[in-house]
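Every chain is numbered from 1 and lettered A, B, ... according to where its sequence line falls, protein lines coming before strand lines. The shown structure was predicted, so the numbers you read here are calculated from the model rather than taken from an experiment.
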Number of protein chains: 2
Amino acid sequence: MKKKLSIVDIANSLNISKTTVSFILNGRAQEKRISDELVKRVLQYVKEVGYKPNSLAKSLRTGKSNIIGLLVQDISNHFFATIARRIEDLAYQSGYKIIYSSTDNDTQKTQELIAMFRDRHVDGYIITPPDNIEEDISDLIKDGFPVVLFDRYLPKVATDYVVVDNLFSTFNATQYLIDKGHKNIAFITYSSIQTQMIERLEGYEKAIRQSKLKPHIIEVDFHATDQEILKLILDFFESHKDVDAILFANNHLGKCGLKATRKAGKNVPGDIALIAFDDYELFELYTPAVTAIAQPIDEIADNVIKLLMERLNATTPEEKNQHITLATELIERDSSR
Amino acid sequence: MKKKLSIVDIANSLNISKTTVSFILNGRAQEKRISDELVKRVLQYVKEVGYKPNSLAKSLRTGKSNIIGLLVQDISNHFFATIARRIEDLAYQSGYKIIYSSTDNDTQKTQELIAMFRDRHVDGYIITPPDNIEEDISDLIKDGFPVVLFDRYLPKVATDYVVVDNLFSTFNATQYLIDKGHKNIAFITYSSIQTQMIERLEGYEKAIRQSKLKPHIIEVDFHATDQEILKLILDFFESHKDVDAILFANNHLGKCGLKATRKAGKNVPGDIALIAFDDYELFELYTPAVTAIAQPIDEIADNVIKLLMERLNATTPEEKNQHITLATELIERDSSR
DNA sequence: ATTATCTACTAAACCTGTTTAGCATTACCA
DNA sequence: TGGTAATGCTAAACAGGTTTAGTAGATAAT
């Protein structure tokens with residue numbers, strides 16, 4: 001095991017001060033009037049022996065880490081995993097590393113994770129905020145950390161965010177079902193105060209209201225197991241035999257919905273039409289293929305990173321916040337034809 | 001913004017030395033003969049003002065970080081995402097945080113990531129190794145870092161690992177198809193020198209050989225796109241009309257296989273029976289439901305963490321390595337009936 | 001000749017903890 | 001009473017970088 005070299009070793013080997021080495025390695029040679037000849041000699045030697053500065057020491061002194069903290073609701077969920085993956089790649093290209101973790105929508109866990117990230121001197125934050133986290137996020141911002149939210153935002157917190165046009169998406173999907181002649185359209189969602197969920201509900205309600213139809217809303221507890229969700233939906237089928245279409249507020253509910261319709265022996269779309277929010281391969285390959293509201297995953301990731309990089313590279317803290325709302329796409333498939 | 005407290009602030013406020021504070025906070029009060037009265041006073045005050053030691057400074061001095069580096073092939077793949085999620089939870093319970101990243105099976109990227117992890121003073125490593133990474137992993141081990149591999153292992157590197165019984169799994173699945181009367185069973189895999197892939201191929205070949213059947217093996221390049229894989233399979237269907245069963249070497253190939261059989265208009269399992277390695281919800285919900293070799297995801301994660309924790313807590317470096325091989329389960333569904 | 005300016009560096013402080021070595025007191029013992 | 005041991009705590013070194021403040025010597029300006 002070759003012992004790791006330190007900047008002092010480099011300085012000693014070249015008989016110069018570690019200050020000089022530090023200046024050169026940080027590109028401040030010109031500014032500090034280090035001769036070109038010495039710069040070349042140091043760079044050459046450093047390359048030769050493969051010296052890499054200890055980033056802990058660096059972070060300790062500078063307060064910067066070149067690390068971005070990414071907090072998603074659940075990394076094992078396809079939507080978040082894919083976005084996380086792309087964010088990771090993009091950040092990497094800009095010289096940043098990512099630390100990520102799942103919040104589980106658990107406020108306390110999120111608080112602990114934020115504390116850990118702060119402690120680790122993370123440079124910026126990308127977060128899908130759980131409930132009641134406003135204060136912690138505000139503190140981050142107050143303390144000058146760049147924060148970008150996505151998927152949802154916090155109305156009471158002024159910060160950058162990237163979301164999709166949830167209200168229009170469900171309005172449009174519901175209208176689509178109405179246009180197909182469906183009269184009893186149900187909406188299955190989580191009971192949540194998060195913006196994306198509220199907006200999706202509003203979009204549904206707006207379309208239903210406009211057409212003077214009767215709303216059917218099932219709210220599922222966020223911590224309900226798949227079994228419980230399944231049972232809830234099956235019970236709903238029992239008590240609402242007239243429902244002829246369902247809109248699911250996210251991919252997980254959609255998946256449970258598929259299980260439920262199958263178990264109930266419903267013919268899709270003959271007996272009942274289905275539309276899910278957030279497309280993924282299951283909906284594409286399922287028989288019959290499921291109509292879905294596809295979120296622009298790559299675009300979301302691209303914009304999140306773009307906003308964060310702008311803030312990280314800004315010399316003065318930008319005062320006004322940027323809010324990006326992206327369009328979704330209704331992908332029509334067999335389940336709603 | 002309240003400025004972050006340092007151990008010096010604590011010491012000054014209490015008019016004692018920061019050494020004393022450090023000893024107390026690290027539970028070395030008894031050993032260092034600090035009076036119980038003072039211990040109580042310090043602990044009380046620290047709690048009161050909410051002081052948390054700066055972990056960067058701590059890591060810099062001690063060389064320990066309470067962070068585990070997790071390198072999986074692709075975090076957006078369901079199998080890895082789920083394992084990563086569970087590993088994260090388990091590590092968290094033991095007081096460790098996880099930094100994870102995707103290797104993409106790219107050797108150079110993996111080397112860079114390992115360098116970054118080392119640099120960040122990560123305490124231990126969990127890795128699904130790509131090709132040609134033997135030397136880097138050996139270096140880690142030589143330098144005393146706990147390393148646990150999973151999903152595959154490196155025959156030339158002596159370390160702990162957790163894998164499944166790949167050979168038996170595919171042997172068993174192939175035999176299952178043979179018992180059903182299939183005569184022309186194909187195996188679709190990646191051209192890979194990784195142990196898990198080699199073993200899966202061997203299991204298939206062994207069963208085919210025992211029954212004196214003719215092997216049909218398609219090897220797909222790891223970097224092939226879904227489109228290319230699809231085309232390859234469709235071409236294979238064209239040129240091998242007699243094939244009546246396919247075993248896929250992993251979930252992604254299985255997914256492409258579903259698309260292919262659908263596109264080719266094949267009746268499953270009438271025309272052709274399918275079995276996929278590595279179960280997930282798509283296979284469960286697809287019509288017809290796909291028979292799959294289910295890996296014990298939770299058990300894999302549990303054992304990986306168990307092995308790593310044993311090494312992390314060991315006072316002396318354990319000489320002999322532990323190799324854990326877990327059983328898979330063949331989940332019979334419609335696609336092979 | 002003296003002062004100012006510039007060049008090319010560097011010593012020492014700093015970031016925030018941990019760890020080593022050691023220093024007063026008091027207690028104990030012969 | 002003098003020597004040893006135990007008690008209770010601390011100063012300073014250390015981890016490995018960055019940054020501030022400054023220095024020695026050469027050149028230019030007054």
Separation of atom [atom1] in [X] from atom [atom2] in [N], rounded to whole Å:
X	N	atom1	atom2	answer
Asn54(B)	dG16(D)	CG	P	16 Å
Ile16(A)	dA11(C)	CD1	P	11 Å
Glu37(B)	dC9(D)	CD	P	8 Å

SB check [X] [Y] (cutoff 4.0 Å):
X	Y	value
Asp89(B)	Arg85(B)	yes
Lys4(B)	Asp9(B)	no
Arg311(A)	Asp160(A)	yes

Next item on the list: Determine, for nucleotides 18-27 of chain C in 5'-to-3' order, which nucleotides have protein heavy atoms under 4.0 Å from the base (write B), from only the sugar-phosphate (write S), or from neither (write -).
Entry: BBB-------
Next item on the list: Identify the residue among Asp123(A), Ile87(A), Ile67(A) that makes a side chain to side chain contact (heavy atoms under 4.5 Å, CB included) with Tyr96(A).
Entry: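 Considering Asp123(A), Ile87(A), Ile67(A), a side chain to side chain contact (heavy atoms under 4.5 Å, CB included) with Tyr96(A) is found only for Asp123(A).
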Checklist line | Side chains of Lys32(B) and Thr20(B) in contact at under 4.5 Å (non-hydrogen atoms) | finding: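 No, every pair of side-chain atoms sits at 4.5 Å or beyond.
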Item checked: Intermediate values then yes/no, side-chain hydrogen bond (donor to acceptor under 3.5 Å, both in side chains), Asp104(A) and Ser102(A) -> CA-CA 6 Å; Asp104(A) 264 334; Ser102(A) 305; over 6 Å; no
Check: Within the structure, does a side-chain N or O atom of Ser35(B) lie under 4.0 Å from either OP1 or OP2 of dG8(D)?
Finding: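 No, outside the criterion.
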Check: If you look at every strand shown and take non-hydrogen atoms under 4.0 Å, does Leu56(A) touch a base, only sugar-phosphate, or nothing?
Finding: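 Leu56(A): no heavy atom of the nucleic acid under 4.0 Å.
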